[in-house]
Each structure stands twice: as structure tokens, then as C-alpha cells.
Amino acid sequence: MYDTIIVGSGAAGLSAAVYAKRAALDFAVIEKEYLGTGQIAESERVDNYLGLYGESGYELGEKFRAHAEALGTTFIEGEVTEIIPENGGYRVVISDGNSFAAKTVVYAAGASHRRLDIKGEAEFSGRGVSYCAVCDGAFYKDKDAAVIGGGDTALGDALYLSKLARKVYLVHRRDTFRANKALQEQVLSKDNIETVLNAVPVEITGEKLVNGLRVNQSGTEKILSVNGVFAAVGTVPDSGVLKGIADMDGNGYIIAGEDCVTSAKGIFAAGDVRTKALRQVITAAADGANSILSVEKYLSENGGQIREN
Ligand code: NAP
């Protein structure tokens, strides 16, 4: 039986692994994707992780992982399908049917891309509709693309695409962006980014591939002629397996403070999946550290009550 199982290999999960090693815990990391490093891999550059300016998100993720690997972390590949209370601890079941017993769980599964839920989105997914500019941007070299959203991701994606595409429309449903001011200034200084404000996406059109985005701009419909549509409209927490086990807020984030303690004894929520004001790679890494401190405290207070089988 593990002292803890860490679910997720993004910044929170890998930071938890580093701290779990330092605490000499018996643990493993379960990751959904082979060699995964979470959402950070999709950021073109990270300017706000202390000490690292202009780092590629992909490379930063690789460094996080290399750190955890160098300390001898055990990685298990699989999607967690169930977390079942057992013998005072938990049994964590993964997609291939294997399961692992642990005294505690650090749940750091992160979040997934929110869908637009408009006509054409599902139909053209992978044929012009994308959720990751860094992954798919190269397909739009010298073509036209639209990015939807007004947050850091959307503006970062628009900037990234502006270096490849001929023209980028940045489509936002309001007239003010929520992205940080520095990004806004960079976007507004680009000649080939056109902001389309107060515009709600209605339909993605195409034949075999995407050829347009229909938007309703302040009551008037218009079609933007584009080859690609990048949806950057936020994320939804991957918290489903803890439904009925740990308390969540109305948006599905697991309720926990900085100590990562949840309403479920022995389950700790770290990173983007927990309720917090600022979801960034630096706060995710901090959660990983804090969660292990809470695991140690919990084990010293409750470890004796957990049966090994
Ligand atoms: P976000 O901040 O939640 O922004 C989502 C954007 O999509 C908002 O502008 C929202 O509009 C819009 N939106 C939501 N649903 C929509 C819909 N159905 N149709 C059209 N537009 C829709 O998400 P994010 O940009 O992915 O950022 C998530 C978190 O990661 C944030 O905390 C962000 O700071 C962080 N992040 C940080 C960095 C960085 O620091 N380098 C990079 C990327 C992300 P409204 O504004 O009207 O709500």
C-alpha cells in the first residue's frame, strides 16, 4: 500500500512527487498521457515563473518531469476511473482495470479545454478546429485563423499564430479582455491581428475543412473567412471521479485551501483542479509542495488507523 498516490503529472503533480521523495514517502504518480507534463506544454513561452523568463512551456514541463524522474519517481500510465474508499485509505482504479491501494491521494488532475458548444465544432475538430495553438499552429502558415476568447490563453495563442499565419482574428464576446495588460499591448501592436469584439461565435463552417467562422457581432451576423479556429475559452476541472467523495463548488472545482485539504479525509487537491484565485504554473507547483506537507501531517495523525489490506 502506497503512502500516497499522486494523480496527474502536470506542475502540481510533479512538484508533489519531488516533495514526496524528499519526505521519503512510498508513492507513485498516475498520469493520463505517457510522459505527460500537463497544460504547461501548450504555452509557447512562460514569462511569469520566477527565475525563468521567456522559457518555452514545453521545455519547462520537460524540466519538471526530468526533475521528478531523476529522483526515482515511479510513473504509472492510465486514466483514473474510480477512487474508492477502502480500509481507511483509498483504492485508485485506472482505465486498464488495474488498481492501487494508497493511504492518501494527492489529486492533481488539472483541467481540460472548455468546448464552445456551437455548430460545426465537433464536426471539424482536428480538421480546422483546435484547442492548442502551439500544437497545431504550423498548419496555418500563411493562412488565416481565428482565435476565440479574451483571456491569457487566447491572447497568447493569437500572438503565437501571428508569427505563422497571414492574418489572425481575435474574437471576443465582450469589449474588454481579461488577459494581462502586457499581453494586450503586444497583441494590439501586431499588424496582422484584428480584434473582433462584442462578437459571439455562432457556427464553424466548412466542407472537408474549416472555411469560416460565423459570429454575431452586436446583433449583426458576419462570417470571418478562416482556415482554422482556435478555441481558447477557458478550462473545466477534471474532477469527475471525486464527485460524491469530495465537496466541489458550482463549477466542479474541488474545495480546498492552500493546504490542499479537502472534505474527504486523506484526499488532497492540488493545482488547477482546486478552488483558488490564481491558476498559474507557479501556484500549481506551490500546491504540489503544500499537498505533501498535508499528507505527512495526515499520516502522522491517522496512519495507524489505516489497515494495510
Ligand atoms: P479564462 O481566463 O477563463 O478566459 C476564458 C475566455 O474565454 C474569457 O475571455 C471568456 O470570456 C471567454 N469565453 C468563455 N466561454 C466562452 C464561450 N462559450 N464563447 C466565447 N467566449 C468564451 O481562460 P484562459 O485564458 O485559458 O486562462 C485560464 C487560467 O490560466 C487563467 O488563470 C490564466 O491567467 C491562466 N493562464 C496563464 C498564462 C500565463 O500566465 N502565461 C497563460 C495561459 C493561461 P469573458 O471574458 O467574457 O468571460
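Just follow the structure's listing: the first ligand is 1, and inside any ligand the first atom is 1. Numbers for residues simply follow the sequence, beginning at 1. Below, all heavy atoms of this structure are taken into account, side chains as well, without hydrogens, waters or symmetry copies.
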query = Got an N/O contact under 3.5 Å between Arg173 and ligand 1?
reply = yes

inquiry  = Geometry only, no angles: is Ser43 polar-contacting ligand 1 at N/O separations under 3.5 Å?
reply    = no

task = Would you mind checking if Lys276 and Asp287 are paired as a salt bridge, meaning a charged N to carboxylate O distance below 4.0 Å?
result = yes

ask   = Just which atoms of ligand 1 are under 4.0 Å from any heavy atom in His172?
value = 9 (O), 11 (O), 45 (P), 46 (O), 47 (O)

task = For atom 38 (C) of ligand 1, grab the closest protein heavy atom and report residue, atom and distance to one decimal in Å.
result = Asp152 CB, 3.8 Å

request  = Using a strict 4.0 Å cut-off to heavy atoms of Arg174, name the atoms of ligand 1 that fall inside it.
outcome  = 45 (P), 46 (O), 47 (O)

query = Does the side chain of Ser99 pick up a donor-acceptor pair with the side chain of Arg91 at under 3.5 Å?
reply = yes

key: Polar contact flag for Gln280 and ligand 1 (N/O pairs, less than 3.5 Å)   = yes

ask   = Heavy-atom count around Tyr298 OH within 6.0 Å, excluding the residue itself: above 12?
value = yes

query = Who gets closest to atom 23 (O) of ligand 1 by heavy atom: Gly234, Ala154, Gly151?
reply = Gly234

request  = Please check if Ile267 and Ile30 belong to a single hydrophobic cluster, counting links between Ile, Leu, Val, Met, Phe, Trp and Tyr side chain heavy atoms closer than 4.5 Å.
outcome  = yes

ask   = For atom 9 (O) of ligand 1, which candidate among Gly150, Ala232, Pro201, Ala111 holds the nearest heavy atom?
value = Gly150

remark   = heavy-atom search around atom 22 (C) of ligand 1 in the protein gives Val233 CG1, 3.4 Å

message = Tell me if the CZ atom of Arg22 is crowded by more than 12 foreign heavy atoms within 6.0 Å.
response = no

ask   = Cationic tip of Arg115 within the cone over Tyr131's six-membered ring, i.e. under 6.0 Å and within 45° of the normal?
value = yes

Carboxylate-amine/guanidinium proximity below 4.0 Å for Asp144 and Arg166 = yes

Closest approach of any protein heavy atom to atom 2 (O) of ligand 1, naming residue and atom = Arg178 CD, 3.4 Å

query = Is it the side chain (CB and beyond), the backbone, both or neither of Asn48 that lies under 4.0 Å from ligand 1, heavy atoms counted?
reply = side chain

message = Among all protein heavy atoms in this structure, tell me which lies nearest to atom 29 (C) of ligand 1, with the distance rounded to 0.1 Å.
response = Arg279 O, 3.8 Å

ask   = Hey, are Asn98 and Asp96 close enough side-chain-wise for a donor-acceptor pair under 3.5 Å?
value = yes

key: Nitrogen or oxygen atoms of Thr153 and ligand 1 under 3.5 Å apart   = yes

query = Is the His172 ring parallel, tilted or perpendicular to the Phe177 ring (thresholds 30°, 60°)?
reply = parallel

